[in-house]
Undergrad: 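A single structure is presented below for examination.
By convention in this document, chain letters (A, B, ...) are assigned in the order of the sequence lines, proteins followed by strands, and residues within each chain are numbered from 1.
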Number of protein chains: 2
Amino acid sequence: MNLKELSDHLGLSPTTVSRALNGYPEVSERTRKRVEEAAKQHNYSPNARAKRLATGRAMSIGHLLPMSKEHEMVNPVFADFITGAGKRYAEEGYDLLLSVVRDEDEEETYRDLATRGAVDGVVIHGPKVNDPRIALLTELGLPFVVHGRSSEVNAGYNWVDVNNRRAFERATALLLDLGHRRIALLNGLADMDFAARRFAGFREALAARDLAPEADLISHAEMTETYGYQRMQELLALPAPPTAVIVSSIIPALGVRRALVDAGLKLAEDISVVIHDDDLSYFRNDGDVPTYTATRSSVREAGRITAEMLLSAITRGAGAPQNILLEAELMVGQSTGPAPAVRRLLNEG
Amino acid sequence: MNLKELSDHLGLSPTTVSRALNGYPEVSERTRKRVEEAAKQHNYSPNARAKRLATGRAMSIGHLLPMSKEHEMVNPVFADFITGAGKRYAEEGYDLLLSVVRDEDEEETYRDLATRGAVDGVVIHGPKVNDPRIALLTELGLPFVVHGRSSEVNAGYNWVDVNNRRAFERATALLLDLGHRRIALLNGLADMDFAARRFAGFREALAARDLAPEADLISHAEMTETYGYQRMQELLALPAPPTAVIVSSIIPALGVRRALVDAGLKLAEDISVVIHDDDLSYFRNDGDVPTYTATRSSVREAGRITAEMLLSAITRGAGAPQNILLEAELMVGQSTGPAPAVRRLLNEG
DNA sequence: GTTCCCACCCAAAGCGCTTTGGATGCGTCA
DNA sequence: TGACGCATCCAAAGCGCTTTGGGTGGGAAC
C-alpha cells in the first residue's frame with residue numbers, strides 16, 4: 001500500500017495524508033487521528049526510497065571499514081562502538097550504512113558516498129597522524145565526526161576522543177612510583193594517532209623523572225592476541241627484560257598473559273601489566289578487584305557521543321566544530337605490584 | 001552535477017546518457033565513450049536516492065543486531081562475519097545496512113524494513129531453535145539467508161551453516177579416545193540453535209560409548225571471557241572436577257585458561273581443552289602447533305558465502321531454497337593430552 | 001526508386017513521496 | 001451585511017533517475 005492508495009481509501013488527498021502523518025499543523029486533529037489509524041491498520045509506512053528522494057536527505061550515516069591486504073580484519077572495538085552509535089541512529093530514524101572497502105579505494109568511496117548522496121554524514125574511524133580524510137571530507141562538504149583526533153591537522157573539525165596522552169602518562173607514572181624503570185610499551189600501529197598520543201604520554205612521564213624510552217622496549221602493531229603473545233616472548237628474551245609492560249588494549253594483553261604463563265612468570269609479582277581498557281562487553285576487566293590495572297574508557301559510550309554529535313551537526317547545520325575529550329579513569333587491579341628491587345626492600349624492611 | 005546538467009552539457013538527451021552509463025546497447029560506442037569521459041571529468045555519479053526510486057531496488061542488504069537489556073553487546077564474531085560479507089556486497093554495488101535494535105523491536109524493524117523498501121534482503125544472525133523470524137520474513141516476502149539454521153522449522157529457507165553437530169561429536173570423541181570420561185561443555189546460550197546442535201553432537205559421542213552427559217558439567221551462556229573464567233572456577237570447585245573441557249568459542253576459552261592458571265593447573269597436562277575456533281582475525285589459534293586443539297571453521301568465509309547466496313537469491317529470484325553445510329576441521333593443538341588415569345598408565349608402561 | 005530494417009537517439013511518463021501555492025468555507029467583527 | 005481571517009484541505013510541481021514507446025535517417029534488398 002502506498003500514499004495514493006491510502007489517501008484514496010480515506011477520501012483525502014495525498015497532501016493531507018502526508019501532512020497528517022508527518023505532524024504538520026495544517027490538518028485537523030480529527031483527520032489526523034483517522035489517518036493514523038488507517039495507516040496502522042493497513043500497515044502503511046512511507047516508502048523510504050521515495051521519501052529520501054523527495055526530501056533530499058538520505059537518512060543514513062556512513063561508516064567505512066578499510067581493509068588492507070595485510071590486515072584484513074575488523075577490530076572488535078568497532079563492534080562495541082557500533083552498539084553505542086547504532087542505538088542513537090535508530091532512535092532518530094537514521095540507518096547505519098557500513099562500507100567494507102579496500103584501503104586503496106577509501107578515498108573514492110568517500111567521494112562516491114558524497115556525490116551519490118547515499119549518506120548525510122560519516123564517522124571517521126582510526127584516524128592517523130595527519131589524516132588526509134579530514135581534508136577530503138571537508139572539501140566534499142560531507143558532515144563528519146572523527147572518533148579520535150588527528151595530530152598535525154590544524155583546521156577545525158568535529159571529534160570525540162579519549163585523553164590518551166594523559167591516560168598513558170598516568171599509567172606510566174604509576175609504574176614508576178612502584179619502582180619500575182624498565183617499562184615496555186605494546187602500542188597500536190605506529191601511524192595511528194591514538195598510538196602517537198599514548199607514546200607521547202609514556203615518554204613525558206619518563207621524562208619527568210629524567211628517563212628516556214628505550215627503543216627495544218617499544219613496539220607498534222595491530223592489536224591482536226598473537227601480537228601480545230609474540231611480543232611478550234621477545235621482551236622476555238632480552239638480556240634485561242622489562243619489569244613492567246603497558247599494553248594498548250585488553251586483546252593483546254591476553255596474549256601477554258599467555259606468554260607470561262608459558263614462561264612460568266606471575267602477574268604483578270614477577271612482572272607488572274597495565275592495559276588500556278575499552279570496556280568491551282565480551283572482555284570485561286572486572287571482578288571484586290579488576291584483573292588488570294587499567295586506564296578505562298568505554299568505547300560504547302564514545303560511540304553514543306559521536307553519533308549524537310554527528311546528528312546534531314547534520315540537523316543543526318555545520319557551525320563551529322565540536323570537540324569532546326573524554327578522560328580515562330585509572331583503576332588499580334591485580335596485575336601490578338612493586339618492582340623487584342622495591343619488593344626486596346619492602347620485604348627486608 | 002546531475003543527469004540533466006550532464007546531458008545538456010553533452011548535447012544529448014538524459015535517456016541516452018543514462019543508457020550510455022548503464023551499458024545499454026541502444027547507444028553507439030562513440031557516444032558511450034564521450035559520455036563516460038564527460039562523467040568522469042565532471043565527477044558525476046547518479047544520485048543513489050533517485051536511482052533507487054526509479055529502479056525500485058534499494059541496493060542494500062540489512063543486518064539486524066538485536067540488543068537485549070541483559071546482553072547489550074555485539075559478538076566479536078559478527079565483526080569477522082561482516083568483513084567477509086561486506087566485501088561481496090561492495091563488489092556488487094550493494095550497501096550494507098546495519099540496524100541496532102532492541103530485542104522487543106526486532107519484529108517491527110523487519111516489518112518496517114520490508115514495507116519501507118529500505119533493503120532488498122536481510123541476513124538472519126544467531127538463529128534460535130524454532131526461530132520465529134523465518135516465518136516472519138517468509139510472510140513478508142523479503143529475501144533472506146540464515147547464518148546458521150533453525151531446528152524445528154520445517155519450511156525450506158536459505159541457510160549457510162557449519163556442521164556443528166559433527167564438529168562437537170568429533171571433538172568429544174577425541175577426548176574420549178584420550179581416556180577422558182568427565183568432560184565439561186561450556187556452550188553458548190541455550191536457546192541458540194548452534195548450541196543445541198553442539199550439545200547434540202556432544203551427547204551422541206558420549207552415547208556411542210554408553211556414557212551420558214552430566215548436568216553439573218554442562219553450561220550455557222553468552223560467550224564472554226568472563227563466562228569462561230567464572231564457569232571454569234565453578235567446575236574446578238566440584239567434588240570431582242572434569243578432566244577435559246569443550247568450549248564453544250575461543251573467547252570464553254581465554255577465560256578458561258585464566259582460571260586454570262590461577263588454580264595452578266597446566267593445560268593439556270592437568271586438564272584438556274578443545275575449543276571451537278571461528279578463525280577470528282584478532283584471535284588466531286596458530287603457531288607451529290596451534291595453541292588450542294580445535295574444531296575450526298572460518299566465519300569470514302561463512303560471511304562471504306552467505307552474501308553470495310543472498311545476492312543470488314535477490315537477483316535470480318527466489319527459486320528453491322539453497323543450503324550450504326560447511327564442515328569444520330578438527331585440528332590438534334597444545335591444549336589436549338591423555339586423561340590422568342591414562343597418563344599414569346602410559347608412564348608406568 | 002521504393003520499401004524495409006536497423007542503428008541510434010529522444011520525449012515523456014513514471015517511481016512515491018514532499019511541498020508550494022492556492023482554494024473553500026465558516027466564524028468573527030465592525 | 002460584508003469583509004476579513006483562519007482552519008482545513010487539495011492540485012500540481014517537483015526530487016533525479018530509468019524506461020517505454022516512439023522517431024529519424026541511411027544502407028541493404030528488391
Side-chain angles (χ1 to χ4, degrees), chain A residues 1-36 38-39 42-60 93-95 112-120 315, chain B residues 1-36 38-39 42-60 93-95 112-120 315:
Chain A
M1 158 145 310
N2 61 22
L3 221 210
K4 180 101 203 317
E5 289 162 10
L6 182 63
S7 60
D8 282 355
H9 176 82
L10 282 163
L12 287 169
S13 75
T15 308
T16 305
V17 175
S18 169
R19 281 177 168 158
L21 259 23
N22 289 309
Y24 284 82
E26 301 95 332
V27 54
S28 74
E29 278 312 311
R30 259 193 53 222
T31 7
R32 191 191 305 280
K33 277 276 172 302
R34 204 159 66 88
V35 170
E36 279 169 353
H42 293 84
N43 192 27
Y44 168 79
S45 53
N47 182 290
R49 299 190 294 269
K51 189 165 192 163
R52 287 166 185 187
L53 177 57
T55 57
R57 307 195 306 153
M59 292 307 285
S60 35
Y94 280 78
D95 287 332
D112 211 52
L113 241 33
T115 61
R116 282 169 50 217
V119 298
D120 298 314
T315 53
Chain B
M1 158 146 308
N2 60 22
L3 221 214
K4 180 102 202 321
E5 288 163 11
L6 182 63
S7 60
D8 283 354
H9 175 82
L10 282 163
L12 288 167
S13 75
T15 307
T16 306
V17 175
S18 169
R19 283 177 166 160
L21 260 23
N22 289 310
Y24 283 82
E26 302 95 333
V27 54
S28 74
E29 277 313 311
R30 262 193 51 223
T31 10
R32 191 192 303 282
K33 277 274 174 301
R34 205 158 67 88
V35 169
E36 278 169 352
H42 293 85
N43 192 27
Y44 168 80
S45 53
N47 182 292
R49 299 190 294 268
K51 189 165 191 161
R52 287 165 185 187
L53 177 56
T55 58
R57 307 196 304 154
M59 292 307 286
S60 33
Y94 280 77
D95 287 332
D112 211 52
L113 241 32
T115 59
R116 282 168 52 217
V119 297
D120 299 313
T315 54

Undergrad: Got a sec: does the CZ of R116(B) have more than 12 other heavy atoms crowding it under 6.0 Å?
TA: yes
Undergrad: What is the separation between atom CG on D8(B) and atom C1' on dA11(C), rounded to the nearest whole Å?
TA: 14 Å
Undergrad: Measure across D120(B) and M59(B) and return the closest heavy-atom pair with its distance rounded to 0.1 Å.
TA: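 What the structure gives for the nearest pair is OD2-N, 2.6 Å.
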Undergrad: L12(A) CG to dT24(C) P: how many Å, rounded?
TA: 18 Å
Undergrad: Between the side chain of S60(B) and the main-chain N/O of A118(B), is any donor-acceptor distance below 3.5 Å?
TA: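 Indeed, once roles are kept as given, a pair shorter than 3.5 Å links the two residues.
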Undergrad: Restricting to nitrogen or oxygen on both sides, can you table the protein-nucleotides 16-19 of chain D pairs closer than 3.5 Å?
TA:
unit_1, atom_1, unit_2, atom_2, d
dC17(D), OP1, Y44(B), OH, 2.9
dC17(D), OP1, N47(B), N, 3.1
dC17(D), OP2, L3(B), N, 2.3
dT18(D), OP1, N22(B), ND2, 3.0
dT18(D), OP2, S18(B), OG, 2.5
dT19(D), OP2, Y24(B), OH, 2.7
dT19(D), O4, T15(B), OG1, 3.1

Undergrad: For N47(A), which residues count as a side chain to side chain donor-acceptor pair (under 3.5 Å) partner, sequence neighbours excluded?
TA: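 Side chain to side chain donor-acceptor pair (under 3.5 Å) check on N47(A) returns nothing, list empty.
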Undergrad: Just how far is it from atom CG of N43(B) to atom CG of D112(A), taken to the nearest 0.5 Å?
TA: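 The CG atom of D112(A) is 8.5 Å from CG of N43(B), to the nearest 0.5 Å.
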Undergrad: Run the side chain to side chain donor-acceptor pair (under 3.5 Å) test against T315(B) and tell me which residues pass, sequence neighbours left out.
TA: none
Undergrad: Determine whether a donor-acceptor pair (N or O, by modelled atom type, separation under 3.5 Å) exists between the side chain of S18(B) and the backbone of P14(B).
TA: no
Undergrad: Enter the inter-axis angle for the ends of the helix from dG1(C)-dC30(D) to dA30(C)-dT1(D) (five pairs per end, rounded to 10°).
TA: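 Taking the rotation axis at each end, their angle is 50°.
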Undergrad: Indicate, with a heavy-atom threshold strictly under 4.0 Å, whether G11(A) touches base, sugar-phosphate, or nothing.
TA: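 Sugar-phosphate, backbone atoms only, no base.
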Undergrad: Decide yes or no for R32(A) and Y24(A): does some side-chain heavy atom of the first lie under 4.5 Å from some side-chain heavy atom of the second?
TA: no
Undergrad: Expected output is a numbered-order residue list: members of residues 26-34 of chain B with a heavy atom under 4.0 Å from any atom of DNA chain C. What is it?
TA: E26(B), V27(B), S28(B), T31(B)
Undergrad: To the nearest 0.5 angstrom, please state how far the CG atom of D8(A) sits from the OG atom of S13(A).
TA: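 Output value for this atom pair is 10.0 Å.
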Undergrad: Only counting residues at least two apart or in another chain, list the ones meeting side chain to side chain donor-acceptor pair (under 3.5 Å) with R52(A).
TA: D95(A)
